[in-house]
Amino acid sequence: MSEVRLRFPPSPTGYLHIGGARTAIYNWLYARKHGGKLILRIEDTDVERSTQGSIDGIIEGLEWLGIDWDEGPYFQTEFAGEHVAAANRLIAEGHAYKCFCTKEELDAKREAALAAKQEVKYDGACRNLTPEQVAEKEAAGIPAVVRFKVPDRQGKVGYNDKVLGRIEQAYSEISDFVIVRSNGKPLYLLCNVVDDIRDRISHIIRGQDHKDNTNRQILLYEALGAPIPVFAHMPLTMDIKGAKISKRSHGEIVAVQFYKKNGFLPWALVNFLVLLGWNPGDDREIFSKEELIEAFTLERINKSSSIFNHKKDDPKFFTDPKAININAHYLRAMPVAELAVFVKKELVEAGIWDDAYEHEKKEWFCKVLELSRERFHTLKDFATLGRAYFADDFAMDEQALNKNVLKHPELKELLPILADRFAALDPFDQQSAEQAARDFAEENGLKVGIPVNASRALITGQVKGPSMFELFELMGQEVVVSRLKNVTKYF
RNA sequence: GUCCCCAUCGUCUAGCCAGGUCCAGGACACCGGCCUUUCACGCCGGCGACACGAGUUCGAAUCUCGUUGGGGACGCCA
């Protein structure tokens with residue numbers, strides 16, 4: 001049994017987007033499951049559009065997601081010599097020929113065909129040039145591309161796709177495609193195959209947008225005398241209107257980087273993306289890395305495309321609700337110690353990190369995370385909604401202020417009294433604070449919720465949050481007393 | 001225009017290959033209730049789909065054909 005080898009071959013013409021990431025994830029899962037190798041190959045043959053920034057972004061994105069590879073990154077341009085050699089070999093062996101038609105002629109023909117709703121296909125003008133004719137045109141300095149000579153055979157080329165089943169196409173439907181530009185640079189179809197042969201790729205998992213390329217590439221494998229790998233064409237991810245998602249038309253929201261910037265846990269994104277077009281066949285939706293590798297199979301990849309459920313300008317969901325839900329799930333379920341690492345980054349970035357959170361205040365810090373994460377959805381929430389836990393300069397939520405403080409004018413006088421009661425408590429803990437608050441409410445003929453919710457507003461700046469009695473103890477006597485006394489500033 | 005692929009709740013999907021156990025199951029979202037100092041979590045309940053039409057069959061979400069719809073490709077991009 002030959003080695004299981006897969007590759008992720010992004011073209012570095014933009015950031016890593018979620019569609020590309022999903023392709024990488026599927027390849028990675030298959031490689032890991034079968035003890036195979038994952039090769040990262042940067043397909044930078046389009047020099048015009050390839051950028052170093054894009055290469056860096058793709059690598060950073062993969063690393064952030066936790067998708068590791070075993071070989072590479074290789075750069076396609078480094079193997080240009082092999083690509084040219086392969087093309088020459090194909091010409092020598094009669095599998096390819098030089099074509100002297102100009103780009104302008106061909107573009108015009110194609111557009112005319114499209115406009116007239118005719119079949120769009122290369123007409124084979126140079127397919128049967130005699131050696132003399134070729135020599136003559138070359139002598140005249142006419143530039144030429146190299147075209148693959150599609151076998152003049154009856155019947156169909158085909159392959160057994162692991163996702164779609166048998167895919168076939170008549171030879172007559174495939175026109176002689178270009179494999180080398182007139183400037184001598186080989187094209188994707190050829191480079192890709194030559195590289196896959198050299199890298200001994202056994203399984204190709206890619207998007208269905210490559211489906212029609214596959215038959216042409218199979219012809220190339222045959223002509224080059226190489227074994228044909230296993231193909232699996234995964235469904236595409238569409239936007240809410242059913243159009244293919246792309247960097248160009250959707251911008252940041254489809255960039256992996258966006259999720260990093262907006263408080264996603266990398267594994268939560270992986271978990272969400274893998275479910276877009278694949279399922280384990282049972283009701284599980286949350287997977288550890290090990291569980292996912294174990295559960296993943298090519299056979300359970302769906303045939304039909306899925307929709308990335310993002311509504312522009314949705315006030316409640318900044319991205320697909322299910323993605324947010326999965327992220328929130330991990331936020332709540334992961335070990336606090338692991339979460340702490342992520343939250344630290346957020347607090348450092350917000351300028352409210354205290355090194356004591358890793359030392360003498362570590363227990364306190366973990367307790368805050370434990371309580372607050374219950375209602376947070378992203379890592380950003382710790383530094384925004386949860387800012388009051390870590391800093392005095394937190395914003396006061398308008399609704400909290402109006403509804404829980406200003407609506408009850410008597411609180412202006414009463415809260416400072418409650419503050420004094422709290423100040424006198426010894427010890428000051430959850431039980432004593434709760435008792436004091438309840439007694440105070442009763443004495444003043446208030447429902448306990450009134451002073452408690454007002455306290456939440458003044459102490460956390462929020463209209464919602466964890467149990468206030470737990471928070472009194474957690475925030476500490478000093479902070480509680482001083483923030484309660486601030487009440488007068490708001491009237 | 002030609003070729004290829006796809007089609008179950010708003011979204012992600014199970015079921016389809018091996019037709020009956022499916023008046024179609026789960027998750028997210030949404031709505032209601034419980035819990036409660038708030039919100040959330042949690043729990044309980046609700047809303048909600050087999051694109052359409054023929055055929056095969058005792059029986060079709062499942063098989064066949066057609067229609068419609070959607071997508072992909074047809075490049076000296078990858």
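None of the values given here were measured: they were computed from a predicted structure.
Contacts of residues 462-475 of chain A with RNA chain B (heavy atom under 4.0 Å): A:V463, A:K464, A:G465, A:P466, A:S467, A:M468, A:F469. Looking at residues 167-174 of chain A, you'll see A:I167, A:E168, A:Q169, A:E173 sit with a heavy atom under 4.0 Å from some atom of RNA chain B.
In this entry the distance linking NZ of A:K403 with P of B:U38 reads 9 Å, nearest Å. Rounding to whole angstrom units, CZ of residue A:R166 and C1' of B:C5 are separated by 15 Å. A straight line from CD of A:E111 to P of B:G1 spans 18 Å, rounded to a whole angstrom. Atom pair A:N271:CG and B:C28:C1' shows a separation of 13 Å (rounding to whole Å applied). In this structure, A:D320 places its CG atom 8 Å from C1' of B:C12, rounding to the nearest Å. Taking atom CD1 on A:I286 and atom C1' on B:C41, their separation rounds to 15 Å, with Å as the unit. Atom-to-atom, NZ of A:K162 to C1' of B:C5 comes out at 19 Å; the value is rounded to the nearest Å. We find that CD1 of A:I307 is positioned 10 Å from P of B:C9, with the value rounded to whole Å.
Close to B:U13, at under 4.0 Å from its OP1 or OP2, lies no side-chain N or O of A:N279. Between A:N302 and B:A14, a side-chain N or O to OP1/OP2 separation shorter than 4.0 Å is present.
Every ring-ring contact (aromatic ring centres under 6.0 Å, His included) that A:Y26 has, sequence neighbours left out, goes to A:F296. Under the ring-ring contact (aromatic ring centres under 6.0 Å, His included) criterion, A:F79 pairs with no residue, sequence neighbours left out.
Donor-acceptor pairing under 3.5 Å is lacking for the side chains of A:N213 and A:Y188. A donor atom on one side chain and an acceptor atom on the other are not found under 3.5 Å apart for A:H203 and A:N27. A donor-acceptor pair shorter than 3.5 Å cannot be found between the side chains of A:N327 and A:Y259. Under 3.5 Å, the side chains of A:D320 and A:H310 contain no donor-acceptor pair of N or O atoms.
In terms of modelled atom types and a separation under 3.5 Å, the side chain of A:E168 and the main chain of A:Y159 share no donor-acceptor contact. Judged purely by atom type and a 3.5 angstrom limit, A:E473 uses its side chain to pair as donor or acceptor with the backbone of A:Q430. The backbone N or O of A:D429 sits less than 3.5 Å from a side-chain atom of A:S432, completing a donor-acceptor pair.
Contact annotation for A:G207: no contact, since no heavy-atom pair falls under 4.0 Å across all strands. Residue A:R438 is in sugar-phosphate contact alone, with no base atom involved, counting any heavy-atom pair closer than 4.0 Å across all strands shown. At the heavy-atom level, A:R300 lies under 4.0 Å from the strands shown only through sugar-phosphate atoms.
In the set B:C41, B:A7, B:G25, B:C41 carries the atom at the smallest distance from any side-chain atom of A:R332. With distances taken from any side-chain atom of A:L164 to the nucleotides B:C6, B:U13, B:U37, the minimum falls on B:C6.
Just one of A:N192, A:D46, A:D44, A:D195 meets the side-chain hydrogen bond (donor to acceptor under 3.5 Å, both in side chains) condition when paired with A:Q76; it is A:D195.
Classification of the A:F469-A:F472 ring pair by plane angle, with boundaries at 30° and 60°, yields tilted.
The partner of B:A14 is absent, by the rule that a Watson-Crick or G-U pair needs both atom distances under 3.5 Å. Remark: B:A51 base-pairs with B:U67. Criterion, Watson-Crick or G-U wobble with two distances under 3.5 Å. Remark: B:A60 base-pairs with no nucleotide in the shown strands. Criterion, Watson-Crick or G-U wobble with two distances under 3.5 Å. Nucleotide B:A73 forms a Watson-Crick or G-U wobble pair with B:U2, both donor-acceptor distances falling under 3.5 Å. The partner of B:U37 is absent, by the rule that a Watson-Crick or G-U pair needs both atom distances under 3.5 Å. Across all strands shown, nothing is found opposite B:U21 as a Watson-Crick or G-U wobble partner with both distances under 3.5 Å.
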Query - Residues A:N404, A:R456; criterion side-chain hydrogen bond (donor to acceptor under 3.5 Å, both in side chains); working and verdict - result: CA-CA 8 Å; A:N404 293 336; A:R456 189 188 331 278; over 6 Å; no
Query raised in the report: How far apart are the C-alpha atoms of A:R153 and A:Y171, what are their side-chain angles, what is the distance that settles it, and do they pass the side-chain hydrogen bond (donor to acceptor under 3.5 Å, both in side chains) test?
Result: CA-CA 6 Å; A:R153 294 204 280 244; A:Y171 286 98; 3.0 Å; yes
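Nucleotides B:C31 and B:U37 have their P atoms positioned 24 Å apart, rounded to a whole Å.
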Check nucleotides 29-35 of chain B for protein N or O atoms closer than 3.5 Å to its own N or O atoms and list the pairs.
| residue | atom | partner | partner atom | Å |
| --- | --- | --- | --- | --- |
| B:C30 | OP1 | A:K316 | NZ | 2.4 |

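Below the 3.5 angstrom threshold, one finds no donor paired with an acceptor across the side chain of A:R375 and the base of B:C41.
Figure legend: A:R147 and A:Y122 shown as a cation-pi pair, the cationic atom lying under 6.0 angstrom from the six-membered ring centre and within 45 degrees of its axis. Geometrically, A:R216 engages A:F177 in a cation-pi contact defined by less than 6.0 Å to the ring centre and at most 45° from the axis.
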Report task. Indicate for each nucleotide in nucleotides 69-78 of chain B, in 5' to 3' sequence, whether protein heavy atoms under 4.0 Å reach the base (B), only the sugar-phosphate (S), or nothing (-). Result -> --BBSBSBBB
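Enclosure of atom NZ in A:K380 by more than 12 non-hydrogen atoms of other residues, nucleotides or ligands within 6.0 angstrom is indicated.
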